[in-house]
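Note that these values count all heavy atoms, side chains included, but never hydrogens, waters or copies made by symmetry. Residue indices begin at 1 and follow the sequence shown.
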Amino acid sequence: MSLADSVAHLSPERWASANRLLIRKALAEFAHERLITPEREGESYVVRGDDGLTSYRFSAIRRALDHWQIDADSLTRHREGEELPLAALDFFIELKTSLGLSEEILPVYLEEISSTLSGTCYKLAKPRVTSAELASSGFQEIETGMTEGHPCFVANNGRLGFGVHEYLSYAPETASPVRLVWLAAHRSRAAFTAGVGIEYEDFIRQELGADTVERFHANLTAQGLDPADHLLIPVHPWQWWNKLSVTFAAEVARRHLVCLGEGDDEYLAQQSIRTFFNASHPEKHYVKTALSVLNMGFMRGLSAAYMEATPAINDWLAQLIENDPVLKSTGLTIIRERAAVGYRHLEYEQATDRYSAYRKMLAALWRESPVPSLRDGESLATMASLLHVDHAGASFAGALIERSGLTPTQWLRRYLRAYYTPLLHSFYAYDLVFMPHGENVILVLKDGAVQRAVYKDIAEEIAVMDPDAVLPPQVRRIRVEVPEDTKLLSIFTDVFDCFFRFLAANLATEGVLTEDDFWRTVAEVTREYQEANPQLADRFAQYDLFAPEFALSCLNRLQLRDNRQMVDLADPSGALQLVGTLKNPIAGF
């Protein structure tokens with residue numbers, strides 16, 4: 001590829017489209033989070049910049065949960081009677097005081113916005129695929145076909161650290177096959193942990209293939225090293241070239257780490273960017289790697305210390321689901337993180353606290369593939385796809401409903417029973433919460449209808465909020481202390497506000513299902529669950545899902561305040577940015 005070709009997607013027309021789309025989203029989400037207050041003027045709304053001279057005008061529909069559905073084509077920018085072109089970087093500078101962007105955060109945030117816009121231009125340059133075509137596509141075509149990323153975050157594709165050639169090689173939307181780099185790590189500094197019944201030797205042979213393992217072992221032997229003294233660790237190629245070969249130079253020089261080269265299997269990056277699906281052997285495990293790039297409020301490393309308990313936490317949760325008749329009846333499964341390996345750099349550990357990015361540069365985990373669990377006629381799609389809207393404004397969810405032959409309400413009810421009912425039961429029966437956003441859930445579909453849900457990203461994302469819960473020793477780290485009055489935000493914020501809000505709005509805009517019918521169905525499925533589980537009546541009363549309102553928890557405010565580490569990992573609930581309340585859309589039913 002020539003130097004010029006590497007930026008061919010950055011054309012003036014695509015840049016203009018990307019900026020319009022991003023400013024539309026910024027206005028909508030910042031109005032939702034009450035950072036800005038659009039004023040009504042005639043048929044339109046107006047938002048003024050900090051100087052009072054610059055203004056943005058647009059038409060919008062206001063929906064449930066204070067959702068601003070802004071018409072991108074209606075958006076214009078003005079200063080002192082003159083219309084100006086839309087430019088996202090200018091937008092954030094013009095509103096930096098309103099948005100609380102400090103001088104330290106602003107330039108880094110603008111870099112994340114630039115990267116997000118560049119990614120949008122790349123997606124706009126791809127051949128157009130309709131939602132209807134996507135609805136009959138395979139799992140990985142859907143995964144790489146997503147165009148938006150996280151629905152709430154405005155700067156959601158920062159990936160700071162990637163050059164353009166690395167973006168083209170490793171971003172999920174480019175669908176470029178990747179071979180992982182393999183290192184041999186001396187056992188004095190590395191640890192492998194696995195779920196019940198998994199042995200290191202057999203597991204590595206199954207994942208890599210006997211030939212590759214022999215090749216790697218021969219490489220070590222030729223250097224006078226004993227393969228039995230080493231553990232094999234898969235590494236993101238970016239991490240090897242940009243971090244480990246430099247930051248871990250001492251480990252390489254002292255032969256604590258030996259680079260063995262690439263494995264033979266080809267992988268595809270997933271929406272979460274550091275997790276890889278095995279395209280050569282789809283039944284083999286996903287591999288999740290450490291990746292020290294800044295993306296959406298965090299450095300995306302992977303902690304060696306955290307990895308040690310990961311398989312045990314997954315085994316514990318799998319057992320809990322297996323033994324619970326309500327969860328079992330919804331069809332819920334998890335894809336377990338079955339094995340993990342982590343490397344400890346002793347000097348960086350002495351120099352840092354346990355949350356430091358320096359401790360998260362070399363670790364990996366293996367997560368089950370959902371592919372072997374499919375029955376005849378079933379297919380897979382990331383749940384993030386339900387919020388996807390194609391270039392013509394057609395939603396992927398609408399296309400699935402059409403394909404299923406069900407009424408929109410019937411389709412929605414099936415989806416809610418598969419995805420939402422297990423979240424309710426986990427909360428009410430076990431004080432157990434997930435991080436159930438679109439990228440952490442895989443839907444099993446048959447002819448467009450949702451059959452069941454598969455939750456993933458377990459060990460790093462689940463929490464038990466009961467201080468008295470009896471947990472096995474290696475699982476105790478998932479216990480968190482959460483104030484009583486914010487516990488139910490795990491449903492209200494994570495599910496209602498950060499996912500259903502967008503799904504309901506898209507279906508209403510398309511004329512597939514009215515907002516009232518959407519939320520009435522959510523209320524009916526909630527009641528159906530509660531009536532089927534009278535033994536939990538006290539809990540339903542204590543944590544009332546039909547309360548008239550709930551606290552508005554703001555995600556962009558976290559990122560605008562500190563885009564390097566949005567949340568204090570030692571106190572996640574203490575970091576919440578709560579601003580007023582939202583009317584509960586199911587309270588009226």
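- Ion pairing between Lys328 and Glu322 holds under the 4.0 Å rule for side-chain N and carboxylate O.
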key: Working for salt bridge (Lys or Arg N to Asp or Glu O under 4.0 Å), residues Glu148 and Lys123   = CA-CA 9 Å; Glu148 178 43 54; Lys123 293 167 196 169; over 6 Å; no
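- Residue Trp411 comes nearest to Gly448 through the heavy atom pair NE1-O, 2.8 Å, listed as atom of the first residue, atom of the second, then distance.
- Within 6.0 Å of OH in Tyr358 there are 12 or fewer heavy atoms belonging to other residues, nucleotides or ligands.
- Taking the side chain as every heavy atom from C-beta outward, Trp238 and Val293 approach each other to under 4.5 Å.
- In this structure, Arg477 places its CZ atom where more than 12 heavy-atom neighbours from other residues, nucleotides or ligands lie under 6.0 Å away.
- At a threshold of 4.0 Å, the pair Arg179-Asp265 does not count as salt-bridged, since none of the basic side-chain nitrogens sits closer than that to a carboxylate oxygen.
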request  = Test side-chain hydrogen bond (donor to acceptor under 3.5 Å, both in side chains) on Glu510 and Ser395 and set out the steps.
outcome  = CA-CA 8 Å; Glu510 243 185 318; Ser395 74; 2.5 Å; yes
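- For the residue pair Thr212/Asp264, the side-chain donor-acceptor check at 3.5 Å is satisfied.
- Of the charged side-chain nitrogens involved, none lies within less than 4.0 Å of a carboxylate oxygen, so that Lys360 and Glu460 do not count as a salt-bridged pair.
- By the 4.0 Å N-to-carboxylate-O rule, Arg359 lies too far from Glu347 to be salt-bridged with it.
- Here the side chain of Arg479 pairs a donor or acceptor atom with the backbone of Ala469 at under 3.5 angstrom.
- Here the two rings, on Phe248 and His345, have centers that are under 6.0 Å apart.
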message = Does Arg476 form a side chain to side chain contact (heavy atoms under 4.5 Å, CB included) with Ile313? I'd like the steps, not just the answer.
response = CA-CA 9 Å; Arg476 279 181 197 149; Ile313 292 168; over 6 Å; no
message = Walk me through whether Tyr343 and His256 qualify under ring pair (Phe, Tyr, Trp, His ring centres under 6.0 Å).
response = CA-CA 10 Å; Tyr343 185 89; His256 293 148; 7.5 Å; no
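- No donor-acceptor pair closer than 3.5 Å links the side chain of Glu368 to the backbone N or O of His285.
- No hydrogens or angles considered: a donor-acceptor pair under 3.5 Å links the side chains of Thr130 and Glu133.
- No donor-acceptor pair under 3.5 Å is formed between the side chain of Lys446 and the backbone N or O of Ser404.
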request  = Apply the test salt bridge (Lys or Arg N to Asp or Glu O under 4.0 Å) to residues Glu349 and Arg189: give CA-CA distance (whole Å), side-chain angles for both, the deciding distance (0.1 Å), then the verdict.
outcome  = CA-CA 12 Å; Glu349 284 199 5; Arg189 300 193 170 215; over 6 Å; no
request  = Apply salt bridge (Lys or Arg N to Asp or Glu O under 4.0 Å) to Glu337 and Arg367, showing your working.
outcome  = CA-CA 4 Å; Glu337 289 143 5; Arg367 178 187 290 143; 3.2 Å; yes
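- Under the ring pair (Phe, Tyr, Trp, His ring centres under 6.0 Å) test applied with Tyr420, the options Phe499, Tyr415, Phe434, Phe500 reduce to a single match, Phe500.
- A side-chain donor-acceptor contact under 3.5 Å links Ser272 and Thr275.
- By the 6.0 Å and 45° rule, Arg187 stacks over the aromatic ring of Tyr200.
- The environment of CZ in Arg413 is crowded: more than 12 heavy-atom neighbours from other residues, nucleotides or ligands sit within 6.0 Å.
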request  = Kindly determine whether Glu251 and Lys243 satisfy salt bridge (Lys or Arg N to Asp or Glu O under 4.0 Å), including the steps that lead there.
outcome  = CA-CA 12 Å; Glu251 307 304 280; Lys243 287 292 172 191; over 6 Å; no
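- In this structure, Glu199 places its CD atom where only 12 or fewer heavy-atom neighbours from other residues, nucleotides or ligands lie under 6.0 Å away.
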